[in-house]
Amino acid sequence: MNKRLFADVIVDNKSTKTDRPFSYLIPDEHKFTIKRGMRVLVPFGFGNKLVEGIVVNVKNSSDVDISKVKSIEEIIGNKPILTEEMLKLGIWMKNKYLAQYIDVFKTIMPTGISKKLKQYVSLNNGISFEEIKNIKSENQKKILKYLYDNGESSVDILKNKLKIKNISSSIKALEKKNLITIRSILASEVKKKYKKFVFRNFNTFNIQKVLQNINKRAFKQLEIIKFMCNNESVALNDLMIKTESSLSSVKSLENKGYIKIVEKEIKRNPINKKIPRTKKLELTEEQKNCVDTIYKDISEGKNNTFLIHGVTGSGKTEVYLQLIEKMLQKEKQSIVLVPEISLTPQTVERFVGRFGDKVAVLHSKLSLGERYDEWRKIREGKVKIVVGARSAIFAPFDNLGLIIIDEEHETSYKSSMSPKYDAIEVAQKRCELENATLILGSATPSIETYYKAQQGEIKLLTLSKRINNRKMPPIEIIDMKEELDNGNKSIFSKSLYEAIKENLQNKKQTILFLNRRGFSTFISCRKCGYVAKCNKCDISLTYHLSENILKCHYCGLAKKPPTICPECKSKYIKYFGVGTQKVEEIVKRTFPKARVARMDVDTTIRKGSHQKILDKVKNGDVDILIGTQMISKGLDFPNVTLVGIIAADITLNLPDFKSAERTFQLITQVGGRAGRGETEGRVILQTYEPEHYSIKTAKEHDYINFYNKEIAIRKEFDYPPFVDIINIIMADTDEKKLYNTCYKTIDILKEKIGYEKIKNGNIKILGPHPAPISKIKGYHRWQVLIKCKGNHLAFLKKIIKKVFINTTYENIKVSIDINPNSIL
DNA sequence: AGCACGCCGACT
DNA sequence: GTCGGCGTGCTC
């Protein structure tokens with residue numbers, strides 16, 4: 001029986017209004033080949049413009065009237081781009097993060113694989129210049145003239161060159177009048193890379209015969225034949241370099257039939273240097289226990305999630321490596337996530353050194369082509385291990401056994417673009433779908449993760465000893481208020497200044513750390529350390545220079561900055577805002593003979609610049625390295641004996657509930673850079689708040705004590721992990737309209753949630769108020785924060801979806817972030 | 001988001 | 001009449 005089949009297709013159209021499956025008829029010839037997860041080309045909209053789509057369902061009835069249903073035009077590729085598991089994962093992400101289908105799928109698919117429709121237009125035959133002149137419409141005349149002069153052109157070029165608004169309508173009109181022809185081409189952004197290879201095409205036994213047929217004076221050709229006697233095949237480039245010959249010599253030999261030139265696809269390889277292979281290391285008692293416990297769990301098919309809490313230098317990586325090796329023996333694949341900033345050659349080398357070409361690397365500095373090739377290596381099963389940043393969690397393995405997330409507490413695992421996913425949550429879901437095991441590792445686990453471990457949701461493993469029993473570097477805390485009392489107004493305390501000087505004399509290296517993140521600064525009293533805080537939110541107030549007010553980024557409270565300190569009545573109220581650049585300047589002035597390097601986002605934009613700076617430090621060409629978080633991870637320089645933390649308060653006073661946690665993590669990690677060689681290290685930490693628990697516990701290297709203090713505060717003030725936070729930002733160019741719509745929407749939201757739930761504190765709505773960044777690119781931004789207790793989240797999301805997505809009032813832009821990293 | 005349709009004013 | 005501008009509403 002000839003039954004009709006239909007496909008539900010998610011169309012590549014970035015609009016909340018088309019964010020749903022559309023039914024298409026499957027043509028008979030594709031009935032048996034079509035599968036869920038396949039890419040298709042479908043006609044969409046009035047103009048039946050061909051757009052790309054993803055098949056999410058195949059069924060034998062259509063939801064809508066059959067007369068409306070169009071047919072699928074073409075299937076792209078012969079196997080699904082998204083496996084069944086990845087499709088499920090995508091749909092789960094859509095609901096979890098309230099994102100659009102197409103955004104989710106585009107995140108999962110490799111960048112650059114999607115094809116773009118390019119339109120070219122050309123003048124029809126026999127159109128004369130006279131005819132063009134008689135066209136009344138100015139825009140149409142411009143287009144025709146351009147085509148007359150330049151021949152066929154792409155619509156994009158026309159748009160740029162002629163600057164015509166709504167150019168497509170003019171083009172459509174011209175086509176109707178039969179003056180031009182439109183040609184559409186579907187092109188992929190990334191092309192496969194090909195390389196020419198030369199193959200021997202003669203029998204080496206008949207070499208004499210071959211040589212007879214070559215002119216005695218054709219030295220280069222003889223040279224090539226000699227070379228090809230010893231090599232069956234060689235890259236054309238290499239052949240030309242090695243024999244110092246030109247392409248014409250090679251070509252003439254090809255014409256004679258002695259060699260063949262063949263174009264073969266080669267996969268780009270982002271690892272361009274030879275990395276020596278390394279061997280397994282002997283495990284310590286603790287490490288062995290770790291590997292055994294996890295492996296036993298895997299063998300029993302339990303697939304638990306583990307947290308390895310290991311102090312810096314306790315050898316977590318070796319644990320990962322040996323577990324990966326065990327997975328290889330089981331023919332299972334592994335994904336290793338590391339934070340983008342620590343995805344340095346040093347990290348990559350550890351994995352490539354152990355497993356060689358079984359490893360693929362994915363990070364943001366790869367070119368589109370490199371990324372595409374790495375993706376295909378994974379998909380085709382050519383590699384078994386992926387080391388990469390956040391998005392590597394979507395590596396298309398088909399027999400996944402293990403996911404490792406190192407430095408689990410890092411904020412870069414949460415995406416800042418829609419879908420605003422958390423790689424840890426996605427990893428957990430992926431492990432659940434594909435029966436794999438998840439390992440989180442950190443010296444300073446995030447409060448949320450450690451809480452889960454305490455609750456027994458995650459299994460906790462501890463590595464408390466450093467390899468070789470090396471001591472943790474002692475941390476000296478300098479109270480900068482005292483420095484001020486003693487008349488020292490510089491950014492260096494006396495101790496730090498002396499220590500740097502001493503280090504310079506001893507030819508040892510120094511790292512100076514300053515976290516300059518954030519544009520707005522905070523207000524503090526230099527005499528008593530008072531920091532302006534919001535009394536409702538326990539969050540530092542941010543100083544806004546343009547309006548000269550202090551604002552709370554959580555509840556919107558705003559007040560004038562004090563001119564005298566409310567605590568000690570001193571006049572030393574200051575705003576703080578020293579960045580790494582300023583530090584560099586001061587260091588150069590204070591220590592004119594020192595060789596100084598700075599490493600932050602500004603100095604490492606270019607590919608490889610990161611490595612260049614680190615090489616300089618490694619070679620001893622730098623005495624003092626100044627940097628942001630970028631230098632807090634993975635760096636291992638034995639000659640660095642001093643770490644100076646210029647102002648621990650910068651992170652501490654960020655208007656964010658995670659600021660204490662971040663401070664503890666940063667001090668611990670930056671401090672860990674000191675004393676990695678023979679000489680014992682030293683850490684000097686400058687602060688205006690030496691009594692703060694995150695600083696005191698960091699000094700003692702006491703994570704547990706810090707956790708206990710922090711979790712109590714989170715509980716008292718209703719912060720994660722005790723609530724979920726949803727951050728909604730609405731944006732529009734018209735501020736008045738935005739303001740009105742915001743209030744209107746929030747009223748509807750409150751009504752739908754029900755005043756009952758709001759009253760008893762299960763759902764708290766803060767705002768609306770202007771967002772911390774109140775205007776971006778001409779768009780005014782307003783923000784609503786919702787705090788929601790555990791089991792109400794699903795209910796709340798449903799309502800948010802109804803209110804903010806399905807009914808977008810007045811076409812206002814809405815962005816939703818569930819459990820954001822920070823609300824800045 | 002794009003795109004067509006439709007209504008309106010300006011200009012031949 | 002015809003062209004272009006902009007508001008409205010729909011997309012299998």
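Below, read A as the first sequence line, B as the second, and so on, with proteins coming before strands; counting in each chain starts at 1. Just the heavy atoms: all of them, side chains too, but no hydrogens, waters or symmetry mates, feed the values below.
For A/Tyr148, the ring-ring contact (aromatic ring centres under 6.0 Å, His included) partners two or more places apart in sequence, or in a different chain, are A/Phe129. In terms of the side chain to side chain donor-acceptor pair (under 3.5 Å) criterion, A/Asn95 has no residue partners (sequence neighbours excluded).
Taking the side chain of A/Lys70 as heavy atoms from C-beta on, and the options B/dC3, B/dA1, C/dC12, the nearest nucleotide is C/dC12. Set against C/dC12, B/dA1, C/dG9, the side chain of A/Phe46 has C/dG9 as its closest nucleotide.
Salt-bridge annotation for A/Asp12 and A/Lys106: present, with a side-chain N of the basic residue lying under 4.0 Å from a carboxylate O of the acidic one.
Residue contacts shown for A/Tyr24 are limited to sugar-phosphate atoms, with no base heavy atom under 4.0 Å away. At a threshold of 4.0 angstrom between heavy atoms, the contacts of A/Val69 are confined to the sugar-phosphate backbone, with no base atom among them.
Contact annotation: A/Lys17 does not reach the phosphate of C/dT11 (side-chain N/O to OP1 or OP2, under 4.0 Å).
Whole-Å rounding puts the A/Asp19 CG to B/dA1 C1' distance at 12 Å. Counting to the nearest Å, the P atom of C/dT11 and the CG atom of A/Leu50 are 18 Å from each other. Atom NZ in A/Lys49 sits about 9 Å away from atom C1' in B/dA1, given to the nearest Å.
Aromatic ring centroids of A/Tyr421 and A/Phe394 lie under 6.0 Å apart.
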